[in-house]
Amino acid sequence: MVNYWLGKQEPSSYNFDSLEKEKKTSWDDVHNNLALKHMREMKKGDLAFFYHTGGERQIVGIMEVTSEPYPNPKEKNPRFITVDVKFKKRLARPVTLDEMKENAKFASWDLLRISRLSVMPVPPKIWDEIIKISQK
């Protein structure tokens, strides 16, 4: 069974256009304990939304997890992990944080409750709703 996730990134640091061009990357630089816990639950084949933070605050595309979590080679502490991801597809149009805040279906989701969390699960009903909104 595929699980769904959301990964946040400051677009000036790394953005979805870069992933589309490069085709794959490692999702690293995560240090928050809860975000790391979520990353440890990721599996090869899972799907994740790519969310641009900062001034954009919107979901722009989908990436696929292509590895199990493993120790981040850039870190000395083995508790910091990474997963490899690849470009899957761009959403028909971005779905903004403001749109999600206006939709009651998103009220209990971590994106609205724990705004600084960089990696989080996406319940299937929310995943489907985001896809639906992106196609309007």
Side-chain angles (χ1 to χ4, degrees):
M1 185 175 130
V2 171
N3 293 307
Y4 300 113
W5 306 96
L6 178 135
K8 292 168 129 184
Q9 187 62 258
E10 173 63 50
S12 63
S13 172
Y14 189 82
N15 59 51
F16 197 65
D17 290 339
S18 298
L19 179 60
E20 185 174 18
K21 180 181 175 187
E22 296 169 7
K23 305 293 183 219
K24 61 183 180 177
T25 193
S26 293
W27 200 264
D28 56 15
D29 236 7
V30 175
H31 293 97
N32 175 280
N33 287 329
L34 184 54
L36 287 166
K37 176 186 175 289
H38 294 320
M39 284 183 69
R40 286 185 189 92
E41 296 170 3
M42 289 179 159
K43 296 181 181 83
K44 186 176 180 179
D46 285 354
L47 297 176
F49 285 128
F50 194 118
Y51 180 93
H52 282 175
T53 61
E56 290 189 32
R57 298 182 316 172
Q58 60 187 1
I59 298 171
V60 294
I62 299 172
M63 50 192 173
E64 181 179 336
V65 178
T66 60
S67 75
E68 300 297 316
Y70 60 93
N72 185 344
K74 298 177 188 174
E75 301 274 0
K76 291 181 180 165
N77 187 332
R79 82 179 191 88
F80 298 122
I81 57 170
T82 187
V83 294
D84 295 332
V85 296
K86 71 177 183 179
F87 174 86
K88 185 79 172 168
K89 72 179 202 175
R90 187 172 291 280
L91 293 183
R93 74 164 184 84
V95 177
T96 68
L97 181 61
D98 287 341
E99 287 177 286
M100 290 181 265
K101 285 180 177 179
E102 293 170 3
N103 186 328
K105 294 178 183 178
F106 295 97
S108 64
W109 187 30
D110 287 350
L111 182 64
L112 304 183
R113 295 180 333 95
I114 313 171
S115 63
R116 295 189 54 83
L117 191 61
S118 63
V119 176
M120 66 192 68
V122 180
K125 287 182 181 182
I126 289 180
W127 181 275
D128 293 343
E129 184 70 11
I130 291 167
I131 297 297
K132 181 178 155 188
I133 292 169
S134 77
Q135 295 170 347
K136 289 182 183 176

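When reading the values below, keep in mind they use all heavy atoms of this one structure, side chains included, and skip hydrogens, waters and symmetry mates.
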Show the numbers, then the answer: is there a side-chain contact (heavy atoms from CB on, under 4.5 Å) between R116 and N32?
-> CA-CA 9 Å; R116 295 189 54 83; N32 175 280; over 6 Å; no
Heavy-atom closest contact ([X] atom, [Y] atom, distance):
X    : Y    : value
T53  : P11  : O-CD, 3.5 Å
A92  : S134 : CB-O, 3.3 Å
S118 : A35  : OG-CB, 3.7 Å
M39  : V83  : CE-N, 3.9 Å

Is the closest side-chain donor-acceptor distance between E41 and N3 under 3.5 Å?
->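 No, N3 and E41 have no side-chain donor paired with an acceptor closer than 3.5 Å.
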Parallel, tilted or perpendicular: rings of Y14 and F50 (30°, 60°) = tilted
Find out if a path of hydrophobic residues (ILVMFWY) with successive side-chain heavy-atom gaps under 4.5 Å connects [X] to [Y].
X    : Y    : result
F106 : F49  : yes
V119 : L36  : yes
V65  : F80  : yes
Y51  : I130 : yes
L6   : W127 : yes

Would you give the length of the straight line joining atom [atom1] of [X] to atom [atom2] of [Y], rounded to the nearest 0.5 angstrom?
X    : Y    : atom1 : atom2 : answer
M42  : R40  : CE    : CZ    : 12.0 Å
M1   : K43  : CE    : NZ    : 9.0 Å
L97  : L112 : CG    : CG    : 6.0 Å
E75  : I81  : CD    : CD1   : 11.0 Å
K105 : K132 : NZ    : NZ    : 4.5 Å

I want to check something: taking the side chain as every heavy atom from C-beta on, are [X] and [Y] in contact at a cut-off of under 4.5 Å?
X    : Y    : value
I131 : L91  : yes
V95  : M100 : yes
L19  : W27  : no
L117 : H38  : yes
N103 : I133 : yes
M120 : I114 : no
R79  : N33  : yes

May I have the step-by-step check of side-chain contact (heavy atoms from CB on, under 4.5 Å) for T25 and V85, ending in yes or no?
-> CA-CA 6 Å; T25 193; V85 296; 3.6 Å; yes
Can you tell me if [X] uses its side chain to pair, donor with acceptor, with the backbone of [Y] under 3.5 Å?
X    : Y    : result
E68  : K44  : yes
H52  : F16  : yes
S26  : D84  : no
R90  : G61  : no
W109 : P121 : yes

E99 and its salt bridge (Lys or Arg N to Asp or Glu O under 4.0 Å) partner, picked from R93, R57, K136 |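 The option that passes is R93.
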Residue pair K24, T66: steps toward the side-chain contact (heavy atoms from CB on, under 4.5 Å) verdict = CA-CA 9 Å; K24 61 183 180 177; T66 60; 5.8 Å; no
Given the rule in the side-chain contact (heavy atoms from CB on, under 4.5 Å) test, do D110 and V122 qualify, once you have shown the distances and angles that lead to the verdict?
-> CA-CA 9 Å; D110 287 350; V122 180; over 6 Å; no
